[in-house]
Amino acid sequence: MAVLVKGESGFETEAEIAGSFLKRMLGLMFIPGLPEGKALILSPCSGVHTCFMRFAIDVVYLDRNYVVVKKETLFPWRIGRFVKGAGSVMELNRNAAGKLQVGDRLEIVKAV
């Protein structure tokens with residue numbers, strides 16, 4: 001399901017929600033890249049890896065209310081942090097999460 005995600009700081013992206021086990025497990029593996037302005041939300045999720053990925057990503061860890069609790073950039077073949085309190089993870093292109101800060105609340109506006 002594709003949704004529009006907006007943040008307090010003017011952040012906006014279209015995201016696909018990976019709600020099934022298989023979609024969460026595959027994530028962004030084996031694809032050449034993520035289209036500009038797109039993201040993937042893994043839910044439920046509190047940690048990710050970039051094994052079998054071909055590009056760097058920004059990883060935004062969200063609590064159950066979609067508040068940013070941590071963010072980091074991961075390069076291919078790395079293991080991200082396990083973030084206690086994270087209920088979901090949003091993966092974006094590298095530098096796409098620049099407007100987001102810890103404590104920002106995101107809102108899923110509508111299905112697109």
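Here, residue 1 is the first one in the sequence, and each next residue gets the next number.
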Interatomic spacing from CZ in Phe82 to OG in Ser46 - rounded to 0.5 Å: 4.0 Å
Whether Asp63 side chain and Asn65 backbone form a donor-acceptor pair below 3.5 Å: yes
Side chains of Arg54 and Pro32 in contact at under 4.5 Å (non-hydrogen atoms): yes
Validation row: Asp58, Leu74 side chains within 4.5 angstrom (heavy atoms): no
Heavy-atom closest pair, residues Phe52 and Trp77: N-CZ2, 3.5 Å
Main-chain N/O of Ala86 paired to Arg64 side chain as donor or acceptor, under 3.5 Å: no
Linked, directly or transitively: Leu40 and Val3 (ILVMFWY side chains, under 4.5 Å): no
Where at least one partner belongs to residues 82-95, residue pairs that pass side chain to side chain donor-acceptor pair (under 3.5 Å), sequence neighbours excluded: none
Pro76 to Ala56 - nearest heavy-atom pair and separation: CD-N, 4.0 Å
Note, Val89 side chain near Ile41 side chain (heavy atom, < 4.5 Å): no
ILVMFWY network linking Met53 to Tyr61, side-chain heavy atoms under 4.5 angstrom: yes
Heavy-atom neighbours of Ile31 CD1 exceed 12 at 6.0 Å: yes
Stepwise side chain to side chain contact (heavy atoms under 4.5 Å, CB included) test for Leu4 and Thr13: CA-CA 6 Å; Leu4 182 63; Thr13 191; over 6 Å; no
SB check Lys6 Glu107 (cutoff 4.0 Å): no
Salt-bridge criterion met for Glu72 and Arg81 (N-O under 4.0 Å): yes
Hphob cluster co-occupancy, Val59 + Phe30, side-chain heavy atoms under 4.5 angstrom: yes
For Ser9 against Lys99, the heavy-atom pair lying closest together: OG-O, 2.8 Å
Cys51 side, atom SG; Met29 side, atom CE - distance, nearest 0.5 Å: 8.5 Å
Hydrophobic cluster membership, Leu62 vs Val83, 4.5 Å side-chain cutoff: no
Spacing of Leu28 atom CG and Glu16 atom CD [to the nearest 0.5 Å]: 11.0 Å
Interatomic spacing from CZ in Phe55 to CZ in Phe75 - rounded to 0.5 Å: 13.0 Å
Cluster overlap Leu42 with Phe21, hydrophobic side-chain contacts below 4.5 Å: yes
Value rounded to 0.5 Å, distance of CE in Met90 from CD1 in Ile17: 11.0 Å
From Val102, Asp104, Leu92, residue fulfilling side chain to side chain contact (heavy atoms under 4.5 Å, CB included) relative to Val60: Leu92
Pairing of Glu8 and Arg105 as salt bridge, 4.0 angstrom limit: no
Interatomic distance, His49 atom NE2 to Arg78 atom CZ [nearest 0.5 angstrom]: 14.0 Å
